[in-house]
Student: 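One structure, as structure tokens, below. Some questions next.
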Amino acid sequence: MSALVRSPSARNNSFMDFFRYRDRTLHCEDVPIALLAERYGTPLYVYSQATLLHHLQQIQSAFAAVEPIICYSIKTNANLHIARLMAKHGAGFDVTSGGELYRALQAGGTGPNIVFAGVGKTDAELNYGLETGVFLFNVESEGELLALGEVARRLGKIAPVALRVNPDLPPKTHHKTDTSVKGVKFGLDIDTVLEFAGKVVDHPAVRIVGLHMHLGSPILSVEPYRQGVEKGLALIEKLRAQGHKIAYLNMGGGWGIHYRKQEALPASAFAQVIVPGVKKANCKLVLEPGRFIVGNAGLLVSRVIYVKDSGGKHFVIQDAAMNDLIRPTLYDSFHRIWPVAPAAGFAAPPEDYEADIAGAVRCDVVGPVCESGDYLAKERRLPPLERGDLLATFSAGAYGMAMASNYNSRLRAAEVMVDGSQHRLIRRRETYEDLVRPEVEV
Ligand SMILES: *Cc1c(COP(=O)(O)O)cnc(C)c1O
């Protein structure tokens with residue numbers, strides 16, 4: 001790996017990407033974060049356009065040899081402006097619900113570049129997908145394939161399908177986000193998929209043309225992909241022997257990013273294990289990256305409301321909460337946190353939080369929500385903080401705003417896109433009226 005990271009063509013990302021401390025104050029590209037907090041308020045999601053495009057381009061160039069179909073996983077961050085940027089720069093979409101399909105179409109996606117995943121697609125969603133002409137349905141059960149066939153027959157269409165298999169690999173990430181171990185709900189059982197596939201070779205309304213797997217997320221090793229491709233190749237051969245014309249191999253998403261250290265692999269490392277397999281299979285490659293593109297392209301800016309000591313602990317109470325970023329609560333996730341303008345003696349956030357940080361104060365960074373599980377970090381060493389200070393929670397672009405809710409009747413945050421020295425609102429902060437509108441309008 002080290003050789004790979006050192007070679008400039010395969011250079012890994014920094015966790016800071018286009019976020020930088022200049023004169024001890026955090027900037028997104030050329031815009032001071034403090035200026036954005038003043039202008040748009042907090043909590044605030046800030047995205048760097050240069051980082052988004054840089055990450056997409058890294059995938060495009062790492063896999064250029066096989067001209068992959070890159071379908072941005074819109075569930076990762078569904079903001080229309082981010083999705084439009086992806087579409088404009090050559091990405092299609094991976095959608096997991098009718099709502100996401102709607103968003104993908106609003107963002108400039110078209111049927112031929114959309115893949116439709118999801119373990120529980122309803123007839124209405126299958127219908128919507130067929131009417132749209134999505135390029136592949138990633139089918140996850142026998143029941144779904146038969147339902148899809150039924151809906152397609154009624155519409156007089158033939159549904160293009162990739163079988164999503166669960167390749168039964170060893171555990172590789174948090175148990176709530178590992179999707180390719182035995183016993184999770186995802187995919188068709190690799191041990192029985194052939195038996196089923198053999199029965200639907202001549203289905204009049206369904207055409208099995210691909211194999212799909214999404215292994216879990218975030219994954220910090222190429223090994224699961226190597227094993228997945230290997231199992232996929234064997235399966236493709238057998239599906240072809242049954243008479244299925246397999247033309248697509250979809251290796252999903254799941255590539256990790258730098259949350260805690262410089263722990264993530266570059267796109268080129270995944271290409272090294274995936275590309276040869278795709279060539280061998282003589283298939284077109286589909287990828288569904290999400291976190292890798294948008295994770296480190298966004299941060300959550302919050303303001304300290306109070307600090308207090310209680311029960312032997314030091315609490316930093318700030319205005320972002322679990323309803324804004326639920327990953328620490330839901331997955332025990334680690335996000336770098338650092339003051340936007342750290343006190344003298346502290347520069348940028350440390351690369352490694354396990355190392356000692358001189359002068360730091362150990363604290364729990366919590367939000368205002370009425371839950372003990374409402375925290376962004378526990379037992380974290382940070383520079384001393386005071387009421388009014390701004391904090392940045394890094395690597396929050398993926399599964400941040402996408403999972404935000406109105407719990408405690410909190411207003412969902414605003415989102416801002418920065419491009420060089422320009423910045424613009426891409427989602428306004430919600431209002432109290434927004435909170436009750438669907439109830440008032442009944
Ligand atoms: C969530 C998901 C992805 C994206 O995963 P990332 O880890 O964000 O890259 C891709 N494909 C499917 C089917 C998914 O459910």
Side-chain angles (χ1 to χ4, degrees), residues 13 52 55-56 58-59 62-63 68-79 82-83 86 91-97 99-101 103-104 113-121 125 129 134-141 144 161-167 172-174 176-180 184-188 210-222 224-225 228 232 248-259 263-267 269-271 274 285-298 327 330-331 333 395-403:
N13 300 309
L52 285 163
H55 293 169
L56 174 62
Q58 284 176 332
I59 302 172
F63 286 88
I69 300 165
I70 297 172
C71 295
Y72 169 63
S73 171
I74 200 167
K75 79 169 191 283
T76 311
N77 186 316
N79 186 292
I82 290 176
M86 293 294 116
F93 296 98
D94 157 43
V95 305
T96 60
S97 71
E100 288 186 356
L101 178 51
R103 274 189 183 272
N113 65 19
I114 295 174
V115 292
F116 199 161
V119 75
K121 303 180 196 78
E125 288 175 317
V134 301
F135 154 62
L136 283 173
F137 287 88
N138 294 335
V139 164
E140 305 211 19
S141 64
E144 182 188 344
V161 164
L163 296 177
R164 175 174 183 176
V165 293
N166 175 346
K172 52 204 97 43
T173 182
H174 192 277
K176 286 185 186 165
T177 54
D178 200 332
T179 57
S180 61
V184 299
K185 69 178 177 180
F186 295 102
L188 289 147
L211 186 69
H212 173 240
M213 53 183 90
H214 170 64
L215 304 180
S217 179
I219 297 176
L220 298 171
S221 154
V222 299
Y225 292 89
Y248 301 96
L249 176 60
N250 182 340
M251 289 305 295
W255 307 345
I257 60 168
H258 305 306
Y259 280 116
E263 68 263 53
L265 297 173
F270 296 101
I274 294 174
L285 175 66
V286 184
L287 294 169
E288 303 171 337
R291 190 191 310 269
F292 185 88
I293 293 174
V294 74
N296 279 331
R327 297 190 69 258
L330 193 57
Y331 310 129
S333 303
S395 312
Y399 308 104
M401 188 61 181
M403 294 174 106

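As the structure lists them, so they are numbered: ligands from 1, and atoms in each ligand from 1.
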Student: Considering non-hydrogen atoms of the protein only, which is the closest contact for atom 7 (O) of ligand 1, and what is the distance?
Tutor: S217 OG, 2.3 Å
Student: Out of all atoms in ligand 1, which are within 4.0 Å of some heavy atom of S73? Include the element for each.
Tutor: 1 (C), 2 (C), 3 (C), 4 (C)
Student: Look at the side chain of H212 and the backbone N and O of N250, then say whether any donor-acceptor pair between them is shorter than 3.5 Å.
Tutor: no
Student: Say whether N138 and E288, considering side chains only, have a donor N or O and an acceptor N or O under 3.5 Å apart.
Tutor: yes
Student: Looking only at N/O atoms, are R164 and ligand 1 under 3.5 Å apart anywhere?
Tutor: no
Student: Within the structure, does G290 bring an N/O atom to less than 3.5 angstrom of an N/O atom in ligand 1?
Tutor: yes
Student: For ligand 1, does F292 get within less than 4.0 Å through its side chain, its backbone, both, or neither, judged by non-hydrogen atoms?
Tutor: neither
Student: Please verify the inter-ring angle class for W255 with F270; under 30° counts as parallel, over 60° as perpendicular, anything in between as tilted.
Tutor: parallel
Student: I want to check something: taking the side chain as every heavy atom from C-beta on, are H214 and R164 in contact at a cut-off of under 4.5 Å?
Tutor: yes
Student: Do R327's NZ or CZ and the ring of Y259 fall within the cation-pi criteria of under 6.0 Å and 45°?
Tutor: yes
Student: Please work out whether any backbone atom (N, CA, C, O) or any side-chain heavy atom from C-beta onward of H214 is under 4.0 Å from ligand 1, and answer side chain, backbone, both or neither.
Tutor: side chain
Student: State the atoms of ligand 1, each with its element, that fall below the 4.0 Å cut-off from a heavy-atom position in G253.
Tutor: 9 (O), 10 (C)
Student: Please confirm whether F135 and Y248 have ring centers closer than 6.0 angstrom.
Tutor: yes
Student: Just checking, any donor-acceptor pair under 3.5 angstrom between side chains of N296 and S395?
Tutor: yes
Student: For F137, is the NZ or CZ atom of K121 found under 6.0 angstrom from the centre of its six-membered ring and inside 45 degrees of the ring axis?
Tutor: no
Student: Got the closest protein heavy atom to atom 10 (C) of ligand 1, with its distance?
Tutor: E288 O, 3.2 Å
Student: Using every non-hydrogen atom in the two residues, find where L215 and S180 come nearest and quote the distance to one decimal.
Tutor: O-OG, 2.8 Å
Student: Work out whether the distance between some heavy atom of G254 and some atom of ligand 1 is less than 4.0 Å.
Tutor: yes
Student: Nearest protein heavy-atom contact for atom 8 (O) of ligand 1: which residue, which atom, what distance?
Tutor: Y399 OH, 2.6 Å
Student: Which residue holds the protein heavy atom closest to atom 14 (C) of ligand 1, what is that atom called, and what is the gap in Å?
Tutor: K75 NZ, 2.8 Å
Student: Please work out whether any backbone atom (N, CA, C, O) or any side-chain heavy atom from C-beta onward of D94 is under 4.0 Å from ligand 1, and answer side chain, backbone, both or neither.
Tutor: side chain
Student: Atoms of ligand 1 less than 4.0 Å from T76 heavy atoms?
Tutor: 8 (O)
